[in-house]
*Asks:* 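To start, I am sharing the structure in question, which I have written as structure tokens.
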There are 2 protein chains.
Amino acid sequence: MKIGQATIKDIAKELGVSSSTVSRALKDYPGISEETKRKVKEVAERLNYRPNAVALSLRKSRSFTIGVIIPEVVHFFFSTVISGIEEVAQARGYNVILTQSNESVDREKSSIEAMLSNQIDGFLVCFTKETKDFDHFSKLMDFGFPIVFFDRIPKLEGAVSVAVDDYKGGYEAVSHLIEQGFQNIAHLSGPKSLKISQNRERGYRDALYNHGMQVNEEFIRECPTGTTEEAFSVAMDLLENSKSKPDAFFASNDMAAVGAMRAARKLGLRIPDEMGIVGFSNWQFCSMLEPSLSSVAQPGFKMGSESATLLLDLIEKKIEGSSIKDPIILNTELLVRNSSVRR
Amino acid sequence: MKIGQATIKDIAKELGVSSSTVSRALKDYPGISEETKRKVKEVAERLNYRPNAVALSLRKSRSFTIGVIIPEVVHFFFSTVISGIEEVAQARGYNVILTQSNESVDREKSSIEAMLSNQIDGFLVCFTKETKDFDHFSKLMDFGFPIVFFDRIPKLEGAVSVAVDDYKGGYEAVSHLIEQGFQNIAHLSGPKSLKISQNRERGYRDALYNHGMQVNEEFIRECPTGTTEEAFSVAMDLLENSKSKPDAFFASNDMAAVGAMRAARKLGLRIPDEMGIVGFSNWQFCSMLEPSLSSVAQPGFKMGSESATLLLDLIEKKIEGSSIKDPIILNTELLVRNSSVRR
DNA sequence: AACGTCAACGCAAACGATTGCACGAAAAAA
DNA sequence: TTTTTTCGTGCAATCGTTTGCGTTGACGTT
């Protein structure tokens, strides 16, 4: 009686019929007279009847709700992904339950538990940096429970996943720097544990290699947290203490790129003439910086909408999980701005 | 049998007792022998029993889920708020269902409907810019349905809401500009329909007034969409065509502030010497700009956590909605950076 | 011996909707 | 007129859990 929500029984009582008749009438089942259907629908309308989704979930063991597990919401890329997910889900009549793991595996696991007990229909997950063990996912997948991984993809047989072409992004960014005449390109990499970081780094290496340049291992430095401060000190260290000084940075993330910009500025190096910089993710602020920051754009919204579409198709059995062997790779695009173009 | 989830019946069958006994044993009800309790818990453990939240929702007409309606997720401030909401909800054992209205009233309404049929326990809402009519909210509130409004607050008797001290933020920003010696301070305001825009503008007016300066109506210009481009052209127009040219801008939002910066730069005006600028929201990029942008920081995370706490307290009847007459106002803080401090 | 007490548990209804099956009446076929 | 078919509807079980009330048997009291 909470919100005064009318139930099927209310309609039934009002018309002096059984609830089964009402149920069938509302769904235009055959075997109900037009007359009755009309009356039922009329009363339903008048009582502002809305089916109780919870009762439906219980009956059907389906909730028309998908769960999203994401490391953190306050992150331009992730929020874009969420937006894409939400868009598709809403269009197809699904709810989205959101939890952030804050990069903690324990929270990841407890969120899964909580959502499962809510009869969620499927998961959309970007696991944490520290998730090395995927048992809590594979257990579900063995049951045929629909899961789609996005951005960060697991080493897991039969996992359906959507990722961005990190390799190509890295490759193009570094090629671009080389073409601009930069000779000593350093790489501020992301956490080595993540496939995306590895791929960006591979792109970096291959670009150098294919342009006949040597990879200087000293120039590849991990920035596990990805903050500006961290990158700043790493870049400073590199610029002050390395044997051959870098004249360009390819950062695995935009925040880190800003750290490198700061370091360059602090040392009086002019960007882009004496120092080229390219970031990754194309955060909103890239175009607002001075000089504006070149960056590899990731299609966040598309990643969200594609993953969601995939998941819903899996849930509704429009496609088979086993038919998707390889990760879906979305294209990246290098946006060239002022931080990397020599005048 | 989906996820192979064990039910109370499974436990009951295994032990040859009734499901009522199992239910009571699991909750340590009196009237169940210690022996039985032990056995039940043991089997529950072994079968990895998790209560079915959907069945619970149906029985109790409570879902331990709250609904969040937000204009758009991809927005630094809002994503911060979401983060705060999620944090509190998770800590108190609630799920968060998220929908974005994309500033469309229709979507706002349909989201409400959808969530209601999911037996949601309460709403956390930031309505759209175009929401002028609050019937769809007040109808629910009349039933005593828990709703907390955040950021944008409605003209509605008895609404519980949490906002930021926009007036103070505006007042301090403009006072600061005045103290820095700026004389002709223009205001790029937000959509006039929103209370927050009105309050920021009031702060602007009062600051001028209290410092003995005149308000030049020509200097107050609305930027309804709040994009950089829009602000750029408005600022250009002001700088090129107004009788007395502004020497400072107080923008109702950081994106607009960037637009003003661009306009100044385009006209060769040096910031902050010839032109002072202060924004609002303290988006991440503020500190990364050159010069760094002074801005009024809004406590997004706190707004989220406070609103959520309030909502959950309402839901759990720890507090009475009627006991909260006035909006809860969270403090803003002017972060002075380089864009407004004359050297 | 007859009765009351109490611990320990089961029955069944309820939450709201769906659905296989059965039933009665009317219409059609014989 | 009798039999069969068709149509429109209701009954009751089901999903998983909770909970008011009833039942059972053991034990204690007079």
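Reminder, nothing fancy here: chain letters follow the sequence lines and each chain counts from 1. Heavy-atom basis, side chains included; hydrogens, waters and symmetry copies ignored.
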*Asks:* What is the distance from NZ of B:Lys9 to C1' of C:dC11, rounded to the nearest Å?
*Replies:* 14 Å
*Asks:* Got a donor-acceptor pair under 3.5 Å from the side chain of A:Arg50 to the base of C:dG16?
*Replies:* no
*Asks:* If you assign each of B:Tyr29 and B:Ala55 to its closest nucleotide in DNA chain D, which residue comes earlier from the 5' end?
*Replies:* B:Ala55
*Asks:* Any side-chain N or O of B:Ser33 below 4.0 angstrom from OP1/OP2 of C:dC9?
*Replies:* yes
*Asks:* Expressed in angstrom and rounded to an integer, what is the separation of B:Leu56 atom CG from C:dC15 atom C1'?
*Replies:* 11 Å
*Asks:* Looking across every strand, which nucleic acid part, if any, lies under 4.0 Å from B:Val17 by heavy atom: base, sugar-phosphate, or nothing?
*Replies:* sugar-phosphate
*Asks:* Would you indicate whether A:Lys41, at its atom NZ, is surrounded by more than 12 heavy atoms from other residues, nucleotides or ligands within a distance under 6.0 Å?
*Replies:*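 More than 12 within 6.0 Å, yes.
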*Asks:* Once you round it to whole Å, what is the distance between P of D:dG16 and CG of B:Leu47?
*Replies:*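 After rounding, the gap between these two atoms is 14 Å.
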*Asks:* B:Leu58 side chain: which of C:dA17, D:dG10, D:dG16 is closest?
*Replies:* D:dG16
*Asks:* Just how far, in rounded Å, is C1' of C:dA17 from CD of A:Gln5?
*Replies:*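 Those two atoms, CD and C1', are 14 Å apart.
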*Asks:* For D:dG16, does the base pair up with any side-chain atom of A:Arg59 as donor and acceptor (N or O, under 3.5 Å, distance only)?
*Replies:* no
*Asks:* Taking the side chain of A:Thr21 as its heavy atoms from C-beta onward, which of D:dT17, D:dG10, C:dT18 lies nearest to it?
*Replies:* D:dG10
*Asks:* Taking only N and O in the side chain of A:Ser18, is any of them less than 4.0 Å away from OP1 or OP2 of D:dG10?
*Replies:*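 Yes.
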*Asks:* Angle between ring planes, B:His75 versus B:Phe77, binned at 30° and 60°: parallel, tilted or perpendicular?
*Replies:*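 Aromatic pair B:His75/B:Phe77 classed perpendicular.
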*Asks:* Go nucleotide by nucleotide along DNA chain C from the 5' end; which of B:Thr36 and A:Ser23 gets its closest nucleotide reached first?
*Replies:* B:Thr36
*Asks:* Please say whether more than 12 non-hydrogen atoms of neighbouring residues, nucleotides or ligands are located less than 6.0 Å from NZ in A:Lys37.
*Replies:*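 Yes, NZ of A:Lys37 has more than 12 neighbouring heavy atoms, counting only those of other groups under 6.0 Å.
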*Asks:* Counting heavy atoms from C-beta on, name the nucleotide in D:dG10, D:dC21, C:dG16 closest to the side chain of B:Arg24.
*Replies:*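 Of the options given, the side chain of B:Arg24 lies nearest D:dC21.
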*Asks:* Taking N and O atoms by type only, does the side chain of A:Ser20 place a donor or acceptor under 3.5 Å from a partner on the base of D:dC11?
*Replies:*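 Indeed there is one.
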*Asks:* Whole angstroms only, please: what is the CG-P distance between B:Asp10 and D:dC15?
*Replies:*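 Distance check: B:Asp10 CG to D:dC15 P gives 10 Å.
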*Asks:* When the distance from NZ of B:Lys60 to P of C:dG16 is rounded to whole Å, what number comes out?
*Replies:* 15 Å
*Asks:* Rounded off to whole Å, could you give me the NZ-to-C1' distance for the A:Lys37 and D:dT9 pair?
*Replies:*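 Distance, rounded to whole Å: 13 Å.
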*Asks:* Decide yes or no on side-chain contact (heavy atoms from CB on, under 4.5 Å) for A:Tyr49 and A:Asp10, but give the supporting numbers first.
*Replies:* CA-CA 9 Å; A:Tyr49 169 76; A:Asp10 297 326; over 6 Å; no
*Asks:* B:Ile8 CD1 to D:dT17 P: how many Å, rounded?
*Replies:* 5 Å
*Asks:* Using a 4.0 Å heavy-atom cut-off, does A:Pro51 contact any base of the nucleic acid, only the sugar-phosphate backbone, or nothing at all?
*Replies:*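 If one applies the 4.0 Å heavy-atom cut-off, A:Pro51 turns out to touch the sugar-phosphate alone, with no base involved.
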*Asks:* Taking the six-membered ring for Trp, is the centroid-to-centroid distance between B:Phe123 and B:Phe137 below 6.0 Å?
*Replies:* no
*Asks:* Has A:Arg62 got its NZ or CZ under 6.0 Å from the middle of the six-membered ring of A:Phe64, at an angle within 45 degrees of the ring axis?
*Replies:*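 Geometry flag: set, cation within 6.0 Å and 45°.
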*Asks:* Any side-chain N or O of A:Lys27 under 4.0 Å from OP1/OP2 of C:dT18?
*Replies:* yes
